[in-house]
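Report on one structure; see the data block that follows.
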Amino acid sequence: MNTDDLKNLTPTNVPTVLVVKELHPFESKRVVVVMPHGFIHFGTYESIGATRIKLTNASNLRFWTSRSGGLPEFAKFGPKRGDHIDEIGTVIIESVIFIYETGNWS
């Protein structure tokens, strides 16, 4: 579209632009989120804008017992006896180090 085309626009001939929001691969999935300073939350992922996420039905993993597979093992198999988990509801997160998709335990 050039300048002359813009001069001739009327309400009936304005081009339509369809904006498509591409969903994040984790959208609506249960995830474990590792944040700065060692905080770990898990819940259902929802994108908010370009850089923030929201977790619903979220919990904080305050302490987890020893696992040979570390945090990826927690993400895959879920909590076990001795883990300390605090339910936190819905949280908005602005800084993430990395995200694991959970296994079928959630």
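Only this structure's heavy atoms are used, side chains among them; waters, hydrogens and symmetry mates stay out. Remember, predicted model here, so these are calculated numbers, not experimental data.
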Evaluate the side-chain proximity of [Y] to [X]: yes if any heavy-atom separation is below 4.5 Å, no if none is.
{"X": "Pro36", "Y": "Ile97", "answer": "yes"}
{"X": "Leu71", "Y": "Ile40", "answer": "yes"}
{"X": "Ser68", "Y": "Glu73", "answer": "yes"}
{"X": "Leu61", "Y": "Val32", "answer": "no"}

Legend entry - Remaining members of hydrophobic cluster (4.5 Å side-chain criterion), Ile99: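 Reading the cluster by chain and number, Ile99 sits alongside Phe26, Val31, Val33, Met35, Phe39, Tyr45, Ile53, Leu55, Ile88, Val91, Ile93, Val96.
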
Inset, instruction - Before giving the answer on side chain to side chain contact (heavy atoms under 4.5 Å, CB included), spell out for Asn57 and Arg30 the whole-Å C-alpha distance, their side-chain angles and the decisive distance to 0.1 Å. - result: CA-CA 9 Å; Asn57 299 314; Arg30 295 283 291 172; 3.8 Å; yes

Legend entry - Between Phe74 and Phe42, ring centroids under 6.0 Å: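 Yes, close enough.
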
Legend entry - Test side chain to side chain donor-acceptor pair (under 3.5 Å) applied to Thr65 - qualifying residues, sequence neighbours left out: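 With sequence neighbours excluded, Thr65 shows a side chain to side chain donor-acceptor pair (under 3.5 Å) to Asp83, given in chain and number order.
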
Legend entry - same_hphob_cluster(Val34, Trp105) at 4.5 Å side-chain heavy-atom cutoff: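 Val34 clusters together with Trp105.
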
Inset, instruction - Would you please test Thr102 and Lys76 for side chain to side chain contact (heavy atoms under 4.5 Å, CB included) and show each step? - result: CA-CA 5 Å; Thr102 64; Lys76 186 173 182 179; over 6 Å; no

Legend entry - Atom pair OG/NE2 of Ser95 and His37 - distance to nearest 0.5 Å: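 Here the rounded value is 8.0 Å.
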
Inset, instruction - Output the distance between atom NZ (Lys29) and atom CD (Glu101), rounded to the nearest 0.5 Å. - result: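 One finds 4.0 Å between NZ of Lys29 and CD of Glu101.
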
Inset, instruction - Kindly write out the residues that satisfy salt bridge (charged side-chain N to carboxylate O under 4.0 Å, His left out) with Lys54, not counting sequence neighbours, or none if the list is empty. - result: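 Lys54 satisfies salt bridge (charged side-chain N to carboxylate O under 4.0 Å, His left out) with Glu46 once adjacent residues are dropped.
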
